[in-house]
Structure formats: structure tokens, C-alpha cells
Amino acid sequence: MNHLPMTNQGEPDTLDPRVARREKLNKIVAMGIDPFGKRFDDRDLIKSCHDRSGEVKWTKADGTEVALPDFQDESLDYRGWKSENGPGEESGPTIRVTGRIMLQRGQGKLFFLTIKDWTGEIQIFIGKKQVGESDFELAGLFDLGDLIGAEGRLGRTNTGELTVFAEKLYFHTKMLEPAPDKHAGITNPDLKQRMRYADLAFNDGVMETFLQRTQIVKSMRKTLDDGGFCEVEGPTLHTIAGGAAARPFKTHHNALDMPLTMRIALELHLKRLMVGGMERVYEIGRVYRNEGIDTSHNPEFSLMECYQAYGDYRSMMDLTEKIIIDAIDAIGGGYKREWDGKTIDFTPPFKRSTYAELFQAATGVDCSDESAVIELAKKIGLDTDGKHADVVRNEIFEAKVEDTLEGPIFVMDYPASICPLTKRKSDNPEIAERFELFILGMELANAYTELNDPDMQEALFKTQLQGQDEEDSMAKMDHDFVRALRYAMPPAGGLGIGVDRLVMLLTGKRSIRDIILFPAMRPE
């Protein structure tokens with residue numbers, strides 16, 4: 001098959017940079033070199049090369065070792081420094097690096113490259129005298145974006161830049177597509193998400209963001225593991241979409257000839273495990289909600305849910321705060337972080353306020369005054385016909401209160417009837433022991449004192465909330481879950497944290513799609 005771009009006349013398009021790249025690939029093959037590489041052992045990661053910069057030494061002709069100057073000093077003239085210290089020689093460790101070519105310059109018998117691996121960038125010096133005729137010919141066939149390797153001495157150029165002075169070159173893979181503009185990179189948001197591989201390879205800071213995401217998730221696991229929690233994996237295919245209020249994705253199991261849904265939450269299977277005696281249990285996994293897309297919502301997202309026997313929602317507040325603080329400590333940068341032009345102060349302890357207090361502060365209405373709540377709802381244009389008063393209260397809360405919550409703030413004690421999986425307060429059955437953590441108007445965590453009364457749970461499953469679409473409601477009957485509760489689930493606290501939103505806030509990214517590696521997109 002001919003992979004070359006062609007003109008309308010059927011000839012190779014010599015103006016297309018892909019043609020030149022394939023011609024170079026053919027020349028590399030002609031040199032007896034595999035243009036798609038092979039095993040490369042004992043490589044040094046580029047970050048480790050920078051860490052070893054202190055091993056570069058300057059020794060005078062009489063054998064005296066001289067301390068090198070401060071290379072962070074922008075006024076340093078390293079060439080002049082060497083001249084002042086008289087005849088001598090620089091030495092350094094021999095290293096083997098590999099990476100993608102990000103910059104090329106030079107001509108004649110000298111080339112300078114900047115290569116990048118997933119830990120950093122470093123300069124490569126290629127001299128014809130140092131690498132020999134064959135490798136220097138190979139260097140002339142390099143393109144931006146190619147993956148190459150170099151072995152040589154670690155040292156400093158006359159400008160003081162840390163550099164690998166190559167003595168041997170390796171070729172790992174020819175990039176056949178033209179490289180993006182070296183300054184702008186890929187700027188189109190759609191292409192950045194669709195071509196995440198190119199976004200990671202060529203756009204500054206993208207790799208660091210996703211590596212920080214990994215560190216945050218590792219930190220969450222460590223905090224939970226250190227707290228005695230056990231990580232498990234629950235099913236992603238459910239017969240009943242339970243544990244949240246969301247519209248599921250539907251599928252079909254051919255072998256069993258039965259309809260299934262993708263999970264919308266992790267909750268009900270984790271609680272079954274608590275019934276079985278796993279007293280502290282968690283899962284970090286993908287959930288799927290067939291709903292809209294915006295800067296803080298994606299239909300496929302990562303959720304952490306955990307359950308602690310003999311705890312309650314206040315136990316979960318303490319745990320939530322610790323998980324977030326530990327994650328910040330893991331990636332560094334301090335507790336005051338910039339996000340969308342605003343500063344979030346994560347310094348503990350986080351503020352705690354009740355739903356009712358915040359409702360009245362933002363609207364001037366006592367949320368226990370049902371007639372005043374209905375009047376306010378109509379005033380701001382909300383439809384109240386056929387809706388339970390608590391549903392109306394919560395629609396007002398979402399419209400008028402949430403955007404005022406700069407946070408981090410724990411909003412406690414929600415109307416009970418919108419929390420069918422939550423234990424009621426012993427002194428007020430109209431209030432559920434639930435909190436949500438809000439930061440800049442965005443919900444980040446949701447937690448309950450878990451309802452473990454099987455009779456009450458069954459009654460709540462049977463009661464469909466007024467004004468809610470049945471397909472979207474979490475008040476659905478799950479007979480096996482109710483049966484599980486009859487085997488005695490201990491009193492417990494349960495917590496869910498949106499992993500993607502946490503990563504957004506801690507890495508300063510405005511859109512959830514900037515911290516999901518491969519968000520769902522329409523076909524090209």
C-alpha cells in the first residue's frame with residue numbers, strides 16, 4: 001500500500017512534509033537500521049540526569065578539582081569562568097538517554113537537539129568527530145518528533161546548559177506526521193482531546209497534569225489503605241441502576257438474554273460487602289451516567305466511594321478533609337491554589353454549615369416555612385406543580401445557594417425526603433444526616449450516615465418522589481439489596497468523591513475534559 005500523500009495527477013506530493021519524512025525513513029532503512037527501534041536497556045531518565053548534575057566536575061591541569069559555579073546565576077559566563085581558572089578539563093558520568101526530539105538546530109559538523117521523555121527535557125550535542133561518520137549521517141535524517149537515543153558524557157556547554165555530549169546515537173521510531181508548531185503546539189480544544197497522544201507529546205504541562213492526576217489517585221488509595229480500608233472491584237454491569245439519581249446507559253447481555261445497565265454508582269454493592277463483614281471498604285472506578293456534558297460533567301467519570309462500619313457522616317467529614325489534604329501534600333504547591341482566576345484556601349479545618357442556615361442566608365427565607373418556599377420558587381420561575389416541597393426546596397438551593405458557596409465548605413443536614421439512602425436525625429426525622437462538600441459552587445463530595453433499617457429502606461424504595469422522572473430517580477426497588485440489609489448491616493458512614501473534579505481543582509484546570517485522558521467525542 002502506498003502511504004505517501006498524492007497529487008491529483010497521482011504523483012507524490014513533494015510539498016507535503018509527510019513525503020520528506022517517509023524519504024528519510026527509507027534512507028534509514030537503507031543504512032540497515034530499523035526505523036521503528038528495538039530494546040534499549042539501562043537508560044537514564046532525564047530527570048535523573050538533572051539530579052546527577054552535581055557529578056559534573058572541573059579539574060585543572062595540575063589535578064586540582066575546582067568547585068563549579070552557580071549555574072542558576074543568569075549572569076554567569078561559563079566560558080569566561082573556565083578561562084579564569086586556567087587549563088583544565090570537565091568530566092561527568094556516562095549516561096544513556098532516549099526521548100522525543102522537541103528542538104533541532106545546528107549545521108555543518110555540529111547539531112544540537114532537545115529531547116524529552118516523561119520526566120523532563122535535556123540537550124544533546126552531536127559532533128561529527130565525536131559520533132563518527134555513520135551516526136552523523138543518521139543525525140541528518142532526524143525530524144522533530146522522532147524518538148531517538150544517545151549515549152555519552154553528561155556535562156555543560158559554554159553557556160552552562162546541562163548537555164549530553166553524544167558518542168553513540170540510536171534510532172527508536174520515525175514520526176510520519178508533521179510536528180505541530182514548536183511554540184503554539186496544538187491549540188484547538190477539540191483536537192487536544194481527540195488527539196490526546198499529540199497533546200501529551202507536544203503541549204507543555206499536559207504530561208505533568210496527568211502525572212499529577214496519578215499522584216492524587218495514589219494518595220487517595222494510600223490514605224484509605226492507611227486507614228484500614230480494603231479496596232475492592234464491584235460489577236460495572238447492573239440489573240438495576242441504583243445508588244444515585246441519574247439516567248443510565250442501557251445494554252444487553254446476550255448469553256443471559258437480559259437487559260443490563262452500566263453502573264451509575266458504586267454504593268449498593270459496597271454496602272452488601274459491609275453486610276458480609278468487610279467493615280471498611282472502598283472502590284475507585286468508572287461510573288456512567290447518560291446525561292449532559294459541560295465543564296464539570298462528563299458521562300463517564302471516576303468516582304471513589306468508601307464505607308466505614310460504626311462511623312457516621314461526621315466521620316466521613318474528617319476522612320474527606322484528610323483525603324484532600326493528603327492529595328495536596330502529595331503533589332505539592334501549598335494549600336492556597338488558583339482556579340479560574342480565584343484562590344481556594346484548603347487550609348484545614350474546612351468550614352461546616354447546615355443546609356437550612358445557608359438557604360436562609362442566601363434567600364432570606366426560612367426553608368422550614370413551606371408556603372414561603374413555594375412563593376419564592378414561583379418568584380424565581382420554578383415550576384412547583386405536583387412536586388414534593390423538599391424537591392422544590394432543593395431546586396431553589398441549586399439555583400440560588402450553590403453558586404455562593406466558595407468553600408471548601410461542608411453543607412450538612414439535607415431534607416430527608418430527597419435522601420432515600422440516608423439515616424434520619426434521631427431528634428428530627430425531617431432531616432437526613434448527609435453532607436455535600438462544595439468548592440466554588442461545585443459539588444466535590446457527598447456523604448451519608450447510611451440507612452441500615454431494611455424495612456425503612458424498602459418503604460423508601462417503594463415511594464417514588466413527586467415530580468421526578470421515574471427513569472432518573474434513585475428511588476427504585478432493589479429486592480436483593482433490601483434482603484442483604486435484613487442480614488444486618490452495621491451502622492456506618494459512607495462517602496463519595498468525584499475524582500475528576502478533585503483533580504481539576506488541585507491542578508487548576510477549568511474543564512473536566514482537560515483531566516480525562518480520552519473523553520467521549522463525536523466521530524470525526
Side-chain angles (χ1 to χ4, degrees), residues 185 187 189 192-193 199 203-220 222-223 293-298 301-304 313-314 316-355 357-364 397-413 435-447 495-517 519:
T187 56
K192 282 166 61 69
Q193 295 161 15
D199 186 35
N203 283 342
D204 290 341
V206 178
M207 179 71 74
E208 288 77 7
T209 294
F210 284 102
L211 292 179
Q212 283 191 328
R213 179 189 176 110
T214 297
Q215 290 177 293
I216 290 168
V217 174
K218 286 174 65 176
S219 171
M220 294 176 76
K222 185 177 188 305
T223 301
I293 297 173
D294 59 29
T295 56
S296 61
H297 292 85
N298 195 67
F301 62 98
S302 293
L303 182 63
M304 187 287 295
Y313 73 141
R314 292 182 182 275
M316 296 298 101
M317 281 187 221
D318 297 337
L319 179 60
T320 302
E321 191 171 286
K322 179 168 176 53
I323 286 171
I324 293 172
I325 292 304
D326 287 353
I328 293 173
D329 290 342
I331 63 173
Y335 297 148
K336 292 185 177 180
R337 309 184 81 87
E338 297 299 314
W339 191 81
D340 195 28
K342 299 176 182 177
T343 299
I344 308 170
D345 188 352
F346 286 98
T347 305
F350 299 168
K351 185 178 178 181
R352 304 181 182 191
S353 293
T354 69
Y355 184 100
E357 291 168 346
L358 295 167
F359 191 104
Q360 181 150 14
T363 67
F397 192 89
E398 290 175 350
K400 292 295 182 181
V401 183
E402 289 183 0
D403 285 346
T404 70
L405 303 176
E406 293 190 356
I409 180 171
F410 291 112
V411 180
M412 307 160 50
D413 300 343
F435 76 74
E436 289 185 300
L437 175 64
F438 281 90
I439 300 174
L440 297 181
M442 188 190 310
E443 177 206 339
L444 182 64
N446 187 17
L495 166 67
I497 294 179
V499 176
D500 307 291
R501 290 184 180 180
L502 178 60
V503 174
M504 281 174 62
L505 290 166
L506 298 191
T507 61
K509 299 302 178 185
R510 183 65 184 87
S511 171
I512 195 170
R513 296 169 74 82
D514 288 336
I515 50 80
I516 294 176
L517 280 167

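Side-chain atoms are counted along with the backbone in the values below, which use heavy atoms only and exclude waters and symmetry mates.
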Can you tell me how far the [atom1] atom of [X] sits from the [atom2] atom of [Y], to the nearest 0.5 Å?
X: Ser219; Y: Ile328; atom1: OG; atom2: CD1; answer: 9.5 Å
X: Glu436; Y: Ile409; atom1: CD; atom2: CD1; answer: 12.0 Å
X: Asp500; Y: Ser511; atom1: CG; atom2: OG; answer: 10.5 Å
X: Ile497; Y: Met316; atom1: CD1; atom2: CE; answer: 10.0 Å
X: Lys192; Y: Thr187; atom1: NZ; atom2: OG1; answer: 8.5 Å
X: Asp199; Y: Phe210; atom1: CG; atom2: CZ; answer: 7.0 Å

Can you list the residues that meet the side-chain hydrogen bond (donor to acceptor under 3.5 Å, both in side chains) rule with [X], with sequence neighbours excluded?
X: Asn298; answer: Arg513
X: Thr354; answer: Glu357
X: Arg314; answer: none

Worksheet entry | Ile216 versus Ala327, closest heavy-atom pair with distance | CG2-CB, 4.1 Å
Worksheet item: Of all heavy-atom pairs between Ala445 and Thr320, which one has the smallest distance, and what is that distance?
Response: CB-CG2, 4.1 Å
Practice prompt. Determine which pairs satisfy salt bridge (Lys or Arg N to Asp or Glu O under 4.0 Å) with at least one residue from residues 319-336, sequence neighbours left out, and list them in order.
Written response: Lys322-Asp326
Discussion item. Taking the side chain as everything from C-beta on, heavy atoms only, tell me whether Ile324 gets closer than 4.5 Å to Tyr335.
Written reply: no
Worksheet item: Heavy-atom distance under 4.5 Å between the side chains of Trp339 and Arg510, does that happen here?
Response: yes
Discussion item. For Glu398, give me all partners under side chain to side chain contact (heavy atoms under 4.5 Å, CB included), at least two apart in sequence or on another chain.
Written reply: Asn394, Glu402
Worksheet item: What pairs with Gln215 under side chain to side chain contact (heavy atoms under 4.5 Å, CB included), at least two apart in sequence or on another chain?
Response: Gln212, Ile331
Using residues 501-509 as the side-chain source, report each donor-acceptor pair under 3.5 Å to any protein atom, sequence neighbours left out, with the distance given to one decimal.
| residue | atom | partner | partner atom | Å |
| --- | --- | --- | --- | --- |
| Arg501 | NE | Ser296 | O | 3.0 |
| Arg501 | NH1 | Glu443 | O | 2.6 |
| Arg501 | NH2 | Ser296 | O | 3.0 |
| Arg501 | NH2 | His297 | NE2 | 3.0 |
| Thr507 | OG1 | Val503 | O | 2.6 |

Worksheet entry | Test log, rule side-chain contact (heavy atoms from CB on, under 4.5 Å), inputs Met442 and Leu405 | CA-CA 8 Å; Met442 188 190 310; Leu405 303 176; over 6 Å; no
Fill in: Residues that Arg352 engages under salt bridge (charged side-chain N to carboxylate O under 4.0 Å, His left out), provided they are two or more places apart
Asp318
Response to the item:
Lys218 meets the salt bridge (charged side-chain N to carboxylate O under 4.0 Å, His left out) criterion, sequence neighbours left out, with none
Worksheet item: Passes side-chain contact (heavy atoms from CB on, under 4.5 Å), Asp413 versus Tyr313? Steps please.
Response: CA-CA 10 Å; Asp413 300 343; Tyr313 73 141; 2.6 Å; yes
Item to complete: Can you sort out the partners of Tyr355 under ring-ring contact (aromatic ring centres under 6.0 Å, His included), two or more places apart, ordered by chain and number?
Response: Phe397, Tyr414
Discussion item. Checking Phe435 now: which residues fulfil ring-ring contact (aromatic ring centres under 6.0 Å, His included) with it, not counting sequence neighbours?
Written reply: Phe410
Fill in: side chain to side chain donor-acceptor pair (under 3.5 Å) partners of residues 342-351, not counting sequence neighbours, each pair once
Glu338-Thr343, Asp345-Thr347
Worksheet entry | Identified side chain to side chain contact (heavy atoms under 4.5 Å, CB included) counterpart of Leu495 within the set Leu437, Ile323, Asn446 | Ile323
